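Take a look at the structure below.
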Amino acid sequence: MPKQLPIDPGQTYSADKVRFTDIPVHAYKGDLAAEIARWGKDGLRAALRHMLVVREFESMLHAFKSTGAYRGIEYVYKGPAHLSVGQEAAAVGSAMALGPTDQIFGSHRSHGEIIAKGLAAVGAIPPGEVTSIVESHSDGRLLDLVTRHVGEAGGDPAEAFLLTGVLAEIFMRDAGFNRGMGGSMHAFFTPFGAFPNNAIVGGSAGIAVGAALRAQLTRSDSICVANLGDGSTGCGLIWESMNFAGMGQFRNLWQPPFDRNPPVLFCFTNNFYAMGGQTRGETMAWDRLSRIGAGISPGQLHAETVDGSNPLAVADAVARKAEILRAGEGPALLDIECYRYSGHSTTDTNAYRSRDEMKAWQAHDPITRFRDRLVDGGIITVGEADEMVEVAGAQIEAVTRVVVDRQLAPAVDLEASPTIIGDMTFNNEAIELGETAGDLLAEPAETSAVKSIMRKARSGIAEDGSQLSPMRAVTLRDALSEAILHHLTHDESLIAYGEECRDWGGAFGVHRGFADIIPYHRLFNSPISEAAIVSTAVGYALAGGRAIVELMYADFIGRAGDEIFNQLAKWQAMSAGELRLPVVLRVSVGSKYGAQHSQDWTSLVTHVPGLRVIYPATPHDAKGLMATALSGNDPTIVFESQRLYDRVETFEPDGVPADYALVPFGEAAIRRAGDDVTILTIGPSLYPALDAAGELAGHGVEAEVVDARTLVPFDYDTVIASVRRTGRLIIVSEAVERGSFANTVAANVTRLAFADLKAPPVVLGAPNWIAPGADMEDKYAPQEHDICDAVLGEFFADKRVNRRGVRNWDIAGMAKRGL
Amino acid sequence: MATEILVPQLGNEVTEAEVTEWAAAVGDNVSASDIVVVISTTKAALEIEAPCDGTLSEIRIGEGELTEVGAVLGVIE
Ligand SMILES: Cc1ncc(C[n+]2csc(CCOP(=O)(O)OP(=O)(O)O)c2C)c(N)n1
Ligand SMILES: [Mg+2]
């Protein structure tokens, strides 16, 4: 279907101007009477108290880091402490304006934000619900620790629970909200609306957009707030995320009731510094941070600069933006100016700023100013305010005494369970699919793309034994389509997007015809924003949805590096299994387009713990493994070889199952039996290996060809059983040899089956240089003759024939040349 | 004069295509650049335009049938 937004040449070239509107800077004019009417005197007193609790909490961390003791409690804390002393009004003001189900996503400097959000939630959630939240977390163990040991000085039990959970997380204890797997920079507690903080600058931006997309599609009333630093405006992901959240299609192309923008607030806590770099005037071009909103969308992201030293100015602004977001008119941006007088971290010597500047800001302390205002307004007496300081101190002290105690609050027991951290990597859960989704645009079987697959033979082998053409039999591409379409048509929580995903039918046709069936809000074209594609999928999934997203070429993994390696791969374990990331990331391995479009990067992603990695080589497996990936609750990277898209099924006698079927992960497949040598293949290398096996048989060598199918998890059992019989192993893949997954397998098989090996395993991959263009490709990825050369040359010297390939590398010599 | 509607070159390794849909029926008047037939390869659907003005006089390959690069899909007179 062609675009619904025609581009007209006449209109395009008519003279016009791009107009901007003024961006308010510190426009708040607080009137105390109005604020009392709005928040109540209790609400204002609570705001002061929450700021004091945050200040005391961070002062405690500061004391431990700088002196090793706090209120007579000695403790050596080795982890990070990015304190926000001086920024409390921003955290508390924002939390005042948000509801308990609104979600905040933070940065490395977010202790204050989660505590403020938690305290506000404890105050706002009905007490019965709070009780069940605190009772059910960690099967009641954290609550038990609090009630037994923190005692009355800890104040309200739910507040003590919150503070204990956060501090224990920071101190990496089992009682932490995430069992100490996140620590200071990643602490969170979703029941109170505090979602993951992120140690990667800007990392929360796309995740918050994804979570907001989930809120939009579930028609929830919650908004998502990305709490970011001013320094993050230099990060690409920030810009990709702002654009993604502002995309025109939400309003122009999505159907009601989904025709709204994701409710996300980009909330910059602008403390004027990013470590030692001064953002305004030195490292950034914007001069005013809020200006950047004007570059993103006609609505300028409703940007404003706000006084972050006044909680009421912040609350006012956040509340106004929240209203815009709930009306579907986001995204929005706030530039909240405030000053941290703690160092960036505790090793900061403040060499980059003057004493005078720091003193001037200390004289402008948000807590003192707010307290004075409440005292002047008769909302609190000096005596009451002083008592509030005392109580906050006692509360933090009581919690701290318990958490530092390793008897009461130990770390997870790595002596007793050495793999306990590893066991948090994957949940290995699978979902059951439901009935047909109710939102389909057409009956799939009535659409031309589905009909054309249905007309094809399921097996690629004709009755006379000949191989059918890809127009006559189901291909690997069709098989992927079938599995994905089945999930999309049976799971309304599943969304699919990427570049060219909709009208184009996926860059390589895997989504062909889906646009006739799946509504816009579940199948859409993304901008060319690989980082945001993955990051939003992470956010969408951790907020309860499921996503299958595409990066066109595996070579573009680099553009989404952090999002794949640090976000997608890590949040399950960093949350101690609290979060689930059912994200399937499709990447294709190209050919003919040269060095930046032809790389098998399986080794990069298998190197990073936390990702399931599969590389189907047959149509049957493509369907079954894709279905397993989509029904699982763990993140999975699916490699697809462009060379194999048109392959028909030649192994399974019944062909590709017409019905939905799963192929389990972690089971290698023996594609040809033989006793003399094991050829283990990864992805498309299966086919040259089979050709080579045929040729080797002519030399009296019977090869067993094993298709790895999945790399994480990996099936050593099948490979080793084969090697025990053959005594020889060659591993063939298109990945470059240096640092490859094939080398890992070779090393492990050598250890595990050393006694059975007649020769050391051989790794045959691509050479350690760039992939050349189309005409030279056959000298790069291992071919049939390369495999024969290696097998005969390395294992069967007596049968050696003239070498046909160009590979006769002197490994050590080339390594010396950096190759 | 009769003009044939041919299956065009579809890319390096693509030799076959399927007729997905005829957008005109025999006897219809068509103008050059009207879409008359949609064909699909293993990867993508392709809209084929009438090569000239005239009347679609013959459909040689029906919907759902397979065909090859260079084959005659239909004729315009
Ligand atoms: C991608 C990335 N680059 C660099 C860092 C190291 N780093 C940690 S915090 C920080 C400064 C961030 O400044 P800003 O965003 O203004 O937040 P602030 O520290 O002021 O709260 C840097 C450079 C990082 N964590 N992540
Ligand atoms: Mg900063």
Side-chain angles (χ1 to χ4, degrees), chain A residues 1-2 445-457 460 462 467-481 500-516 552 588 590-593 619 622 640 642-649 773-775 777, chain B residues 4-53 56 58-76:
Chain A
M1 199 167 55
E446 304 291 315
T447 62
S448 59
V450 171
K451 274 189 199 158
S452 101
I453 297 180
M454 290 196 314
R455 273 194 287 270
K456 291 181 171 187
Q467 192 167 316
L468 291 169
S469 84
M471 284 305 294
R472 288 166 204 273
V474 173
T475 62
L476 188 140
R477 172 190 291 107
D478 299 331
L480 291 169
S481 282
E500 335 308 341
C501 257
R502 196 168 171 91
D503 331 57
W504 194 295
F508 309 105
V510 172
H511 287 173
R512 181 149 58 112
F514 288 11
D516 297 334
M552 280 180 83
S588 81
S591 66
K592 305 192 189 82
Y593 276 37
E640 299 170 10
Q642 289 179 24
R643 267 194 282 269
L644 298 189
Y645 277 135
D646 272 344
R647 275 275 162 186
V648 297
E649 179 56 45
D775 291 351
E777 245 173 12
Chain B
E4 293 174 335
I5 308 170
L6 301 176
V7 179
Q9 277 296 333
L10 298 166
N12 282 344
E13 281 140 25
V14 183
T15 55
E16 285 182 309
E18 180 188 278
V19 174
T20 315
E21 187 189 348
W22 276 96
V26 172
D28 284 357
N29 285 331
V30 297
S31 315
S33 85
D34 280 358
I35 293 162
V36 283
V37 58
V38 182
I39 64 170
S40 312
T41 66
T42 54
K43 180 168 149 182
L46 195 82
E47 292 170 339
I48 296 184
E49 298 175 356
C52 59
D53 295 346
L56 183 65
E58 195 184 335
I59 287 180
R60 297 237 182 118
I61 316 275
E63 287 179 11
E65 285 181 49
L66 288 186
T67 179
E68 288 184 357
V69 170
V72 180
L73 292 163
V75 181
I76 293 175

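FYI, side chains are in, hydrogens and waters are out, and symmetry mates aren't considered; it's all heavy atoms of this structure. Remember, it's a predicted structure, so these values are computed and weren't measured experimentally. Letters go in sequence order (proteins before strands), and every chain restarts at 1.
The stretch residues 23-33 of chain B participates, sequence neighbours left out, in these side chain to side chain donor-acceptor pair (under 3.5 Å) pairs: Asn29(B)-Thr55(B).
Arg477(A) is linked by a salt bridge (Lys or Arg N to Asp or Glu O under 4.0 Å) to Asp646(A), counting only residues two or more places apart in sequence or in another chain.
At a heavy-atom cut-off of under 4.5 Å, chain A is reached by Gly64(B), Leu66(B) from residues 62-75 of chain B, listed in order of number. Interface with chain A: from residues 14-23 of chain B, residues Glu16(B), Ala17(B), Glu18(B), Thr20(B) qualify, criterion being any non-hydrogen pair under 4.5 Å.
Only the side chain of Lys592(A) comes within less than 4.5 Å of a heavy atom in chain B; its backbone stays farther off. When heavy atoms are compared at a cutoff of 4.5 Å, Ala774(A) does not approach chain B at all. Interface remark: Tyr645(A) contributes no atoms to any contact with chain B (heavy atom separation under 4.5 Å).
Most heavy-atom pairs under 4.5 Å with chain B, from the set Ser469(A), Ala449(A), Gly506(A), Ser481(A): that is Ser469(A).
For Arg512(A) against Ser40(B), the heavy-atom pair with the smallest separation is NH1-CB, 3.4 Å.
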